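Have a look at the structure below before the remarks.
Proteins come first, then strands; the chains are lettered A, B, ... in the order of their sequence lines, and each starts at number 1. The structure presented is a predicted model; accordingly, all values stated were derived computationally and were not measured.
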Protein chains: 2
Amino acid sequence: MSQNDRRTRRRGEELINAIHAAVLEEVLEVGVGRLTMEGIGRRAATARTTLYRRWPDPIAVLLDALYHAHPVEEPTPGADDLRGDLIRSLQLMVKWTLSPAGRAVAAILTDPKGIEQVSDELVEQVFAQRGGTFTSTVLRHYAERGHFPASRITPVVADIGEALVVKRLLDGAPPTDADLADIVDQAILPAIGLADRLT
Amino acid sequence: MSQNDRRTRRRGEELINAIHAAVLEEVLEVGVGRLTMEGIGRRAATARTTLYRRWPDPIAVLLDALYHAHPVEEPTPGADDLRGDLIRSLQLMVKWTLSPAGRAVAAILTDPKGIEQVSDELVEQVFAQRGGTFTSTVLRHYAERGHFPASRITPVVADIGEALVVKRLLDGAPPTDADLADIVDQAILPAIGLADRLT
DNA sequence: GACTTTAGGTACACGACTGTAGCTTATCTG
DNA sequence: CAGATAAGCTACAGTCGTGTACCTAAAGTC
C-alpha cells in the first residue's frame, strides 16, 4: 500500500455498510443517472475493484443499499383521535421521505430510466408502501369503528394527504407540523365529511 | 460534405427549432443529468460545433428551448359552472404537464442539481405558473362572486387539485377526465365547503 | 505462526464526451 | 454574380468512467 496508508482495513459488514451509506449520499448529490462506480468508491474510500467483486453496476449497489435500509415505520392508530393519528401518520411519511433511503427512492421514481431498472421483487419490498399507506391505514381504522362511512375512502381521498405532502416536498419546503395539521383540517377531514373547521 | 450528403442545409430559425425539439426529446430520455452536446447534436442531426457556436453547455440549450416553448394556457373561468371550470383547469394542467416542455420542466425540478442551474428570470417566466395557478384562478373567480367564502382558499386548499394530479403522474398513470372529476368532487369541493356529493 | 480470505492499490485498453481549430461549402444578401 | 454568413465536417488532445488483470498486504482462522 503506497500512500494513504490507513492502519485499519474494513471488511465484511462494516465495509458494506460504508458502501451503502456512500451510495445513498452519492445518489442524492448526482442523481440516479450519474451514479458511477468511481463516485461510490471515492465516497466510500474503497477501490473500484472491491465494488466490482460484489455488484455489476452502480444501480445494483443502490438497490442493495435500499434493500438493507431500515423499513418504513407503520402508522399505528391509537385510542380515539382521528385527527391526531392522521397528523402523526403524515409525520411518519415526512420523516421517511427525508431520510437518505426515502430520498433515494424519490430519486429513482423521478428518474427517466429509474423504475425500469428495478426488479419486481424490490418494487414490492421497498416501493409498495409509498402509495396511500400512511393515511389510509388510519382512515380505515376509524371507518371500521363507525366514525365515518367507509365508502368515503375512495382512491382520491386516500391520496389527499400524501399528495399534498409530496407537493410541498417538490416545492422544496418540507412541511412543518403546522402544515400537516392544516392538510388534515382543510383537506382530509372535509373530504370524509368531518369538517370540524371553525370558519 | 463527404457522406450523408443532405441536399438542404438548415439555417437560422429552422435549425434552432430542430435543436430545441431535440433537446426536449433528449432530456426526457436521459434526464437532465445526462444531457450532452453530443446527444443533442446527434438527435438534431447537426454538428457539435454548431451547438457550441450558440450555447456554452447542454443546460443552456435546454433552458433556451423552454424559454421559447409555448406558454402555459391559462384557465378562463366561464359563466356559472364552478365544477366544470375546475375540471377544465385540471385538464389544462394535465395537458401542459404531458407536453414536451412540461415534462422537461418536471425533469429539471426533480433533478438534484436542476434548479440551481436555472437563472432567476427563467424561473419567473417558465416555472412560476407551475404552482397553484390552475385551480386557484378558478377558485378565486367564484369566491369573488360569492359562491363560497374566499377565506376557504388557503394555501393547502389551493394546492389540492394540483397535488393529486402530480401524485397520479408520479405513479405513472396520467389521470383521465373521470379521475379529474373525482378529484374535484371528492377533494376540492368538500374542502371549500361545497360537498355536493350524494353519498 | 502458517494459511486463507479479501480489501487496497496499480495499470491498462477502451469508449464517450469535451472544447477548440480549421477547412469546405450551402445559403442568403446586395 | 460576388461576397458574406454560417452550417457541416474532420481532427485532436484532454478528461472521466469502465471493466479486467494482477499484485500486496491486512484481517481473520486454525
Side-chain angles (χ1 to χ4, degrees), chain A residues 1-23 25-65 68 107 111-114 117, chain B residues 1-23 25-65 68 111-113 117:
Chain A
M1 221 143 295
S2 40
Q3 76 261 50
N4 195 5
D5 208 336
R6 184 199 302 262
R7 184 104 350 119
T8 86
R9 181 179 281 190
R10 295 163 302 177
R11 269 170 94 105
E13 206 165 330
E14 184 193 356
L15 175 64
I16 291 185
N17 288 338
I19 294 174
H20 283 167
V23 76
E25 287 173 30
E26 187 77 3
V27 79
L28 293 191
E29 190 168 317
V30 303
V32 179
R34 270 183 170 163
L35 265 192
T36 62
M37 289 301 211
E38 270 282 314
I40 299 167
R42 213 183 297 129
R43 195 181 287 269
T46 194
R48 265 192 359 266
T49 44
T50 305
L51 297 176
Y52 281 113
R53 277 180 199 125
R54 269 177 232 269
W55 300 280
D57 56 70
I59 300 291
V61 187
L62 173 60
L63 296 182
D64 197 40
H68 288 95
D111 188 87
K113 297 184 174 170
Q117 317 206 30
Chain B
M1 224 143 297
S2 41
Q3 75 261 51
N4 194 5
D5 209 335
R6 184 198 302 261
R7 182 106 347 121
T8 86
R9 177 180 284 189
R10 296 163 300 176
R11 268 171 94 103
E13 206 165 332
E14 184 194 357
L15 175 64
I16 291 184
N17 288 339
I19 294 174
H20 283 167
V23 78
E25 288 173 30
E26 187 76 3
V27 79
L28 293 191
E29 192 169 314
V30 303
V32 179
R34 271 182 169 163
L35 267 190
T36 62
M37 289 301 212
E38 269 283 315
I40 298 166
R42 213 182 298 130
R43 194 180 287 269
T46 194
R48 266 192 358 265
T49 42
T50 306
L51 297 176
Y52 279 112
R53 278 178 197 126
R54 267 177 233 270
W55 299 280
D57 55 70
I59 299 291
V61 187
L62 173 61
L63 296 182
D64 196 41
H68 287 95
D111 188 83
K113 297 185 175 170
Q117 317 206 29

Residues 52-59 of chain A side chain polar contacts: donor-acceptor under 3.5 Å, at least two apart:
unit_1   : atom_1 : unit_2   : atom_2 : d
Trp55(A) : NE1    : Asp64(A) : OD2    : 3.2
Asp57(A) : OD1    : Ile59(A) : N      : 3.1
Asp57(A) : OD1    : Ala60(A) : N      : 3.0

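Between Thr46(B) and dA7(D) there is no side-chain polar atom (N or O) within less than 4.0 angstrom of OP1 or OP2. OP1 and OP2 of dT6(C) both lie 4.0 Å or more from every side-chain N or O belonging to Arg10(A).
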Give me, pair by pair, the N or O atoms of the protein and of nucleotides 18-21 of chain C that are less than 3.5 Å apart, along with how far apart they are.
unit_1  : atom_1 : unit_2   : atom_2 : d
dT18(C) : OP1    : Met37(B) : N      : 3.3
dT18(C) : OP2    : Met37(B) : N      : 3.2
dT18(C) : OP2    : Glu38(B) : N      : 3.1
dG19(C) : OP2    : Tyr52(B) : OH     : 3.3
dG19(C) : N7     : Arg48(B) : NH2    : 2.9
dG19(C) : O6     : Arg48(B) : NH2    : 2.7

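Between Ile40(B) and Ala22(B), the shortest heavy-atom distance links the atoms O-CB, 4.0 Å. Closest approach of Ala18(B) and Ala44(B) over heavy atoms only: O-CB, 4.2 Å. In this structure, Leu15(B) and Thr50(B) approach most closely via the heavy-atom pair CD2-CG2, 3.8 Å.
Side-chain atoms of Arg53(B) stay outside donor-acceptor range of the base of dA6(D), with no qualifying N/O pair under 3.5 Å. With hydrogens and angles ignored, a donor-acceptor pair under 3.5 angstrom links the side chain of Arg9(A) to the base of dA25(D).
Between its opening and closing five pairs, the helix from dG1(C)-dC30(D) to dG30(C)-dC1(D) changes axis direction by 30°, a value rounded to 10 degrees.
Note that OG1 of Thr46(B) is 6.0 Å distant from CZ of Arg10(B), once rounded to the nearest 0.5 Å. Rounded to the nearest 0.5 angstrom, Glu13(B) CD and His20(B) NE2 are separated by 10.0 Å.
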(request) Decide yes or no on side chain to side chain contact (heavy atoms under 4.5 Å, CB included) for Val61(A) and Met37(A), but give the supporting numbers first. (result) CA-CA 9 Å; Val61(A) 187; Met37(A) 289 301 211; 4.2 Å; yes
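Residues of residues 11-21 of chain A that place a heavy atom closer than 4.0 Å to DNA chain C, in numerical order, are Arg11(A), Gly12(A), Leu15(A).
The salt bridge (charged side-chain N to carboxylate O under 4.0 Å, His left out) test applied to Arg43(B) returns Glu25(B), Glu26(B), Glu29(B), not counting sequence neighbours. Qualifying side chain to side chain contact (heavy atoms under 4.5 Å, CB included) partners for Glu38(B), counting only residues two or more places apart in sequence or in other chains: Thr36(B), Arg42(B), Arg48(B).
To the nearest angstrom, C1' of dT18(D) lies 13 Å from CD1 of Ile40(A). The distance between atom CZ of Arg43(A) and atom C1' of dG17(D), rounded to the nearest whole Å, is 16 Å.
Among the atoms of the strands shown, none is found under 4.0 Å from any heavy atom of Arg34(B).
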